[in-house]
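The structure under discussion appears below in the form of structure tokens.
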Amino acid sequence: MSTRITSFEEYKTVYSESVKNPEKFWVSVAGEYYWRRKWDEVLKWNFSEPDVKWFTGGKLNITENCLDRHLESRAKQTALIWEPNNPDEKGRTFTYRELYHEVCRFANMLRHHGVKKGDRVCIYMGMVPELAIALLGCARIGAIHSVVFGGFSFNSLADRINDAECCMVITADGAFRGAKDIPLKNVVDDALKNCPSVKKVIVLKRTGSDVRMQPGRDFWCHEEINNTHHDCHPEVMDAEDMLFILYTSGSTGKPKGVVHTTAGYMVFADYTFRNVFQYNDGDIYWCTADIGWVTGHTYLVYGPLLAGATTLMFEGIPTWPDAGRFWKIVDKYKVNIIYTAPTAIRSLQAMGLEYVKPYKLDSLRVLGTVGEPINEEAWHWYNDNIGKKRCPIVDTWWQTETGGILITPLAGITPLKPSFATLPFPGIQPAIVDENGKELSGNNVEGRLCIKFPWPGMIRTTYRNHARCRENYFEQYKGYYFTGDGCKRDENGFYRITGRVDDVIKVSGHLLGTAEVENAINQHPDIVESAVVGFPHAIKGWGIYAFVIPERERSDKEKLKKEISDTVTKFMGSIGRPDKIQIVRGLPKTRSGKIMRRILRKIAEGDTSNLGDTTTLLDPSVVDEIKAGAL
Ligand code: WT7
């Protein structure tokens, strides 16, 4: 494939052209695909609605571009490598031709079960090849997939299924993750007690654990797929037809269904993948993210397959059976490019170098990180011990809403600066604004990060609630897409993302709404009210600190805390479990009843020397009490 930037000089030229004439630039990228019909208009946009459309009138199917298009030249090339949780179990590989047939059969099965273009299908699985196949199977027939991370529990799953009114759930009997066996189907059963839209459940057999199959609703995947044909006519989609919904946390309790559409997402996923990682034909590429998150969608499945790459998928976790597992996999498959999260790097760093030493790691050429700011210490550990100082680190900044990477080095091309995401990708026009929405021009500035011009992979709406999309991203600073992140631009114009400026926290790279965790805590019958804030955590980046008010004084405080923790796990999933729980009598509230989180944040951070103005509080004495009991 031709369009790849190969030098820093070229980056600068391409970037400035992409800003001067964005439409011409994106057309030069979009010509490479298999279009059933070319577009009539490249871009229509208006950030106040918002209304953004790319390649209007174009017709295509993304799976024809991921699979069929490669059959001529890459049929026998490995498309997907799968490494199971247990290192003693045999892995699986799929050539492009094999993957094509698997996807077609899966798609035919979905059609056979009545799934049609535009229907929403929820996918709730572990990291098995059938998960990737399910995504592509949906896309083949024009169904909109909504993947829910397998670590979420029944209530979070039910909320997401209901919001999207899914007609089907694709799941598995269970999932292996380290020493654990997660009972996915049981969680689905619990969720479906309150999901009237779901008519069918397809169940993959993976762990062999006991499950209850409801006749007429639940079907075993292997039985249903048995007689399906290995070719499948793709649904011809409009450029702006929905491809998928992916839920992300917001500052209110309810997660938002971020909507991505077909053509723009496709062009952006592929072009960013090839350029950021500088993928060469024959490279083995490994993204360690779960497909339950956007990173897995764009840079494990769609981006690599669009580029005709070999993509590796791992079922397990970095620390099982021991903390050398990642490096064992790198050596086993001779991985050339690895893309992982700062939290994983920090946790492996903490385990010590003895887990790294047995491995050669000499196949590695490019290292990537994503999900949260990478601190300098972790950056150097990664650079010294994994990359052996010879692999560029691409610190890629982006979001579920952006569809793909926006601010990033290009591997081996852009000069690096630890903890900086460096420069905008071609076509991306960042702006740093002050609190009043005034753009801060020039270098050496700090403020809030916005984007002032559309890019093909951007969010189109939040599912069934367009107003929420507008309010969340386009209203705070008029004329801009607001990211929710703080940001600095240094003297050379390099960007450093400093973290969230809203009521969401990044815990181990996962975005969590504080209100979402509070809702889960409040499910405990003895809790009257709670407030959740983040605090800096050495491994997770941010930890969860919960202040809770019990209905009555309980002497068994530790037992109550354990119950709260279990309640959150059961109701929401273990990713919401608080690291610290402080039992309090009251919360710092203003006279109008608003919790002053600023004060709680300071206390959680252990910085109580200057709590700022507390005179507007209804009862300032609660602050002293909370301070005295801080953990
Ligand atoms: C938030 C988006 C992007 C895919 C996975 C996360 C933070 C992400 C970086 C980075 C600093 C980063 C931001 C962003 N973030 N990458 N390289 N440096 N911060 O997607 O769950 O939608 O989270 O992750 O705060 O807003 P997400």
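When a ligand or atom number is given, it counts from 1 through the structure's own listing order. Note that the coordinates shown come from a computational prediction; the quantities given were computed from them, not determined experimentally.
The proximity of Gln399 to ligand 1, defined as any non-hydrogen pair under 4.0 Å, involves the side chain as well as the backbone. Of the heavy atoms in His510, none comes closer than 4.0 Å to ligand 1. Of the heavy atoms in Thr396, only backbone atoms (N, CA, C, O) come closer than 4.0 Å to ligand 1.
Proximity of the aromatic rings of His297 and His260 is defined here by a centroid distance below 6.0 angstrom, and this criterion is not met. Between Tyr271 and Phe425, the ring center distance clears the sub-6.0 Å criterion. You'll find the ring centres of Tyr299 and Trp398 inside the 6.0 Å limit.
Shortest non-hydrogen contact noted between Tyr124 and Phe149 is CE1-O, 3.5 Å. Here the closest heavy-atom approach between residue Leu440 and residue Glu446 is recorded as CD1-O, 3.4 Å. Closest non-hydrogen pair, Ala289 versus Met127, comes out as O-CE, 3.4 Å.
From the protein, the heavy atom lying nearest to atom 7 (C) of ligand 1 is Gly371 O, 3.3 Å. Residue, atom and distance of the protein heavy atom nearest to atom 22 (O) of ligand 1 are Thr400 OG1, 2.6 Å. Of the protein's non-hydrogen atoms, the one nearest atom 11 (C) of ligand 1 is Pro373 N, 3.1 Å. Scanning the protein for heavy atoms near atom 10 (C) of ligand 1, the closest one is Glu372 O, 3.5 Å. For atom 25 (O) of ligand 1, the nearest non-hydrogen atom of the protein is Asp485 OD1, 2.6 Å. At the top of the distance list for atom 23 (O) of ligand 1, counting protein heavy atoms only, stands Lys506 NZ, 2.8 Å.
Under a 4.0 angstrom heavy-atom cut-off, Trp398 registers as being in contact with ligand 1. Residue contact check for ligand 1: Ala421 places no non-hydrogen atom closer than 4.0 Å to it.
For ligand 1, the atoms lying closer than 4.0 Å to a non-hydrogen atom of Asp395 are 10 (C), 17 (N), 18 (N). Atoms of ligand 1 lying under 4.0 Å from at least one heavy atom of Val370, given by number and element, are 3 (C), 4 (C). Counting atoms of ligand 1 from 1 in the listed order, those under 4.0 Å from a heavy atom of Val294 are 4 (C). Below 4.0 Å from some heavy atom of Leu511 lie the following atoms of ligand 1, by number and element: 21 (O). Close approach to Ile497 involves these atoms of ligand 1, each under 4.0 Å from a residue heavy atom: 11 (C), 19 (N).
Considering Trp45, Tyr481, Trp26 as possible partners of Phe453, the one that fulfils the ring pair (Phe, Tyr, Trp, His ring centres under 6.0 Å) test is Trp45. None of Lys506, Lys540, Arg346 except one satisfies the salt bridge (charged side-chain N to carboxylate O under 4.0 Å, His left out) rule with Glu372; the exception is Arg346. With Ile405 as the partner, the side chain to side chain contact (heavy atoms under 4.5 Å, CB included) test is satisfied by one option alone out of Val276, Ile428, Val370: Val276.
Between Thr483 and ligand 1, no N or O atom pair is found at a separation short of 3.5 Å. Polar contact check, Thr295 against ligand 1: no nitrogen or oxygen pair lies under 3.5 Å apart.
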Legend entry - Criterion salt bridge (Lys or Arg N to Asp or Glu O under 4.0 Å) on Arg160 and Glu516, from CA distance to verdict: CA-CA 13 Å; Arg160 287 159 175 79; Glu516 222 177 331; 3.6 Å; yes

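Classification of the Tyr265-Tyr302 ring pair by plane angle, with boundaries at 30° and 60°, yields perpendicular.
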